[in-house]
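Read the structure below first, then the notes.
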Amino acid sequence: MNKFFTLAFVLLFSSLVFSQKSRTKTTEISKPFVLGVIDEIQSKELNEKRTLNIYLPEGYNPAEATKYPVIYLLDGSADEDFIHISGLVQFNSFEWINQVPKSIVVGIATVDRKRDFTFPTTIENDKTRFPTTGHSDQFIAFIEKELQPFIEKKYKTTESKMIIGQSLGGLLGTEILLKKPSLFNKYVIVSPSLWWNNGSLLDLDAEVLKENYKPQTEIYIAVGKEGLTPTEIPRVMEVDANVLADKLKESKSKNVKIYFDYFPEENHGSILHTAVSNSFKFFYPQIK
């Protein structure tokens with residue numbers, strides 16, 4: 001009898017130990033949650049390597065003929081705007097939402113946004129405060145000559161190209177729109193830092209304003225309740241954004257569409273997510 005109880009105890013203890021080990025092993029199993037792809041491109045224009053965070057839509061297959069619009073996102077690092085903007089794109093492309101077509105998101109990871117997103121300034125104080133500024137021409141050349149060709153060669157893309165930029169990114173988006181508008185056909189310009197160089201960009205004549213401008217171009221501009229700019233000569237962010245919208249609305253081209261959004265309950269830091277979500281309704285209106 002004692003041998004029986006001893007054997008039963010050993011079997012019971014062994015099963016408990018094995019069960020605990022199995023449970024422990026099960027709870028320790030984990031694997032990465034993959035949101036997208038990380039690409040790197042060596043830029044001759046910028047003389048440096050740039051990181052690209054890529055979101056590919058559900059069902060993307062390079063072996064298939066299906067092609068997708070591309071959304072280029074400034075400030076596209078993983079710890080900046082890439083994750084929440086990619087989430088917006090995914091959500092709005094769900095078949096039960098169907099607000100936007102399935103799209104590729106290209107997040108351009110930031111290296112030096114003051115260098116890349118600003119053109120040369122005549123304001124001496126800004127030159128001193130931000131010594132690396134004034135090289136947006138090189139960054140625009142990078143987009144035109146290197147980035148877009150790289151994406152179009154590697155991925156299945158349509159002709160639809162959107163750019164999203166906020167703050168200094170919005171300044172760069174505006175500069176591209178006024179200087180090289182055909183680089184994109186959809187512009188999301190949020191809280192643009194048009195105060196740069198005392199608002200000189202607002203005085204620029206532009207091809208997109210002329211009657212013979214042919215490319216179909218849609219522009220969404222948004223601003224929150226943001227107040228005075230960090231300049232010696234006071235400017236108001238909301239006013240500058242309105243001036244830009246009014247300037248573009250005067251375009252003589254029938255191929256240019258402009259929409260202005262004001263969010264009085266959002267500020268410079270909180271506006272981007274809401275604005276991008278609203279921009280999709282402008283670019284892709286649903287027929288009810």
Side-chain angles (χ1 to χ4, degrees), residues 33-37 52-62 64-78 80-108 148 151-152 155-167 169-170 173-174 176-177 181 183-192 215-224 241 245 248-249 255-267 269-288:
F33 177 81
V34 179
L35 181 64
V37 177
L52 308 173
N53 295 309
I54 313 292
Y55 165 79
L56 298 173
E58 182 183 3
Y60 179 90
N61 186 343
E64 295 180 354
T66 306
K67 296 184 177 183
Y68 300 88
V70 183
I71 299 171
Y72 290 87
L73 175 65
L74 303 174
D75 294 318
S77 298
E80 293 178 301
D81 297 316
F82 177 72
I83 293 175
H84 75 96
I85 296 300
S86 295
L88 269 180
V89 174
Q90 181 200 42
F91 176 78
N92 281 279
S93 64
F94 284 147
E95 61 181 21
W96 57 91
I97 305 296
N98 198 30
Q99 182 66 61
V100 303
K102 290 183 177 181
S103 303
I104 298 169
V105 179
V106 178
I108 309 171
Q148 288 184 344
I151 295 298
E152 290 161 11
Y155 297 101
K156 308 287 284 189
T157 66
T158 68
E159 294 298 315
S160 177
K161 291 178 284 190
M162 180 191 303
I163 185 170
I164 299 174
Q166 191 237 355
S167 192
T174 304
I176 294 173
L177 174 63
L183 278 185
F184 300 94
N185 44 42
K186 292 179 174 64
Y187 287 80
V188 180
I189 297 171
V190 181
S191 302
Q216 294 287 336
T217 305
E218 297 175 291
I219 306 153
Y220 174 90
I221 299 171
V223 69
L248 294 168
K249 286 176 181 178
N255 300 314
V256 176
K257 294 181 180 179
I258 173 75
Y259 186 84
F260 178 78
D261 237 350
Y262 176 55
F263 297 94
E265 295 185 358
E266 303 292 348
N267 58 42
S270 68
I271 187 176
L272 183 63
H273 195 85
T274 304
V276 172
S277 181
N278 242 32
S279 75
F280 292 156
K281 298 172 185 176
F282 164 66
F283 294 130
Y284 304 106
Q286 291 183 327
I287 299 175
K288 297 182 180 180

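Note: hydrogens, waters and symmetry copies are ignored here, and every other heavy atom, side chains too, is used.
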Taking [Y]'s backbone N and O only, do any of them form a donor-acceptor pair with [X]'s side chain (distance below 3.5 Å, no angle check)?
X: K257; Y: I219; result: no
X: Y259; Y: A222; result: no
X: S277; Y: T274; result: no
X: S103; Y: P101; result: yes

Test item: [X] and [Y] side chains (from C-beta on) under 4.5 Å apart, heavy atoms:
X: L272; Y: I164; result: yes
X: V256; Y: L248; result: no
X: I258; Y: I221; result: yes
X: F263; Y: V223; result: no
X: V70; Y: S160; result: no

Tell me the closest heavy-atom pair linking [X] and [Y], and the distance in Å.
X: A275; Y: V190; result: CB-CG2, 3.9 Å
X: G76; Y: N53; result: O-ND2, 2.9 Å
X: P62; Y: K156; result: O-CD, 3.8 Å
X: G224; Y: Y262; result: O-CE1, 3.5 Å

side-chain contact (heavy atoms from CB on, under 4.5 Å) with E152: which residues, sequence neighbours excluded?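 With neighbours one apart ignored, the set is Q148, T157, K161.
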Can you list everything that forms a side-chain contact (heavy atoms from CB on, under 4.5 Å) with E265? Sequence neighbours excluded, please.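 E265 satisfies side-chain contact (heavy atoms from CB on, under 4.5 Å) with no other residue.
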K249, NZ: over 12 other non-hydrogen atoms inside 6.0 angstrom: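 Enclosed: over 12 neighbouring heavy atoms sit under 6.0 Å from NZ of K249.
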Report the residue from V100, L73, V188, V105 that forms a side-chain contact (heavy atoms from CB on, under 4.5 Å) with M162.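 Only one of V100, L73, V188, V105 forms a side-chain contact (heavy atoms from CB on, under 4.5 Å) with M162, namely V188.
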Non-neighbouring partners of [X] that pass ring pair (Phe, Tyr, Trp, His ring centres under 6.0 Å), sequence neighbours left out:
X: Y284; result: none
X: Y155; result: none
X: F280; result: none
X: Y72; result: F184

Could you pull out all residues at least two apart from N98 that satisfy side chain to side chain donor-acceptor pair (under 3.5 Å)?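 Result, side chain to side chain donor-acceptor pair (under 3.5 Å) vs N98: none returned.
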Quick one: side chain to side chain donor-acceptor pair (under 3.5 Å) partners of D75, sequence neighbours excluded?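 Scan of D75 (side chain to side chain donor-acceptor pair (under 3.5 Å), adjacent residues dropped) gives T110, R113.
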Listed by chain and number, what are the salt bridge (charged side-chain N to carboxylate O under 4.0 Å, His left out) partners of [X], not counting sequence neighbours?
X: K186; result: E218
X: D261; result: none
X: E266; result: none

How far apart are the C-alpha atoms of Y60 and Y68, what are their side-chain angles, what is the distance that settles it, and do they pass the ring pair (Phe, Tyr, Trp, His ring centres under 6.0 Å) test? CA-CA 9 Å; Y60 179 90; Y68 300 88; 5.5 Å; yes
Show me, pair by pair, the donor-acceptor contacts under 3.5 angstrom made by side chains of residues 83-93, not counting sequence neighbours?
unit_1, atom_1, unit_2, atom_2, d
H84, ND1, H273, ND1, 2.8
H84, NE2, D81, OD1, 3.0
S86, OG, F82, O, 2.8
N92, ND2, L88, O, 2.8
S93, OG, V89, O, 3.0
S93, OG, Q90, O, 2.9

Evaluate F283 against Y220 for side-chain contact (heavy atoms from CB on, under 4.5 Å), listing each step before the verdict. CA-CA 8 Å; F283 294 130; Y220 174 90; 3.9 Å; yes
Inter-residue atom distance [X].[atom1] - [Y].[atom2], 0.5 Å rounding:
X: L52; Y: I108; atom1: CG; atom2: CD1; result: 7.0 Å
X: I271; Y: S167; atom1: CD1; atom2: OG; result: 11.0 Å
X: F260; Y: F282; atom1: CZ; atom2: CZ; result: 13.0 Å

Check: N255/Q216 side-chain N/O donor and acceptor closer than 3.5 Å: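 Side chains of N255 and Q216: pair found under 3.5 Å.
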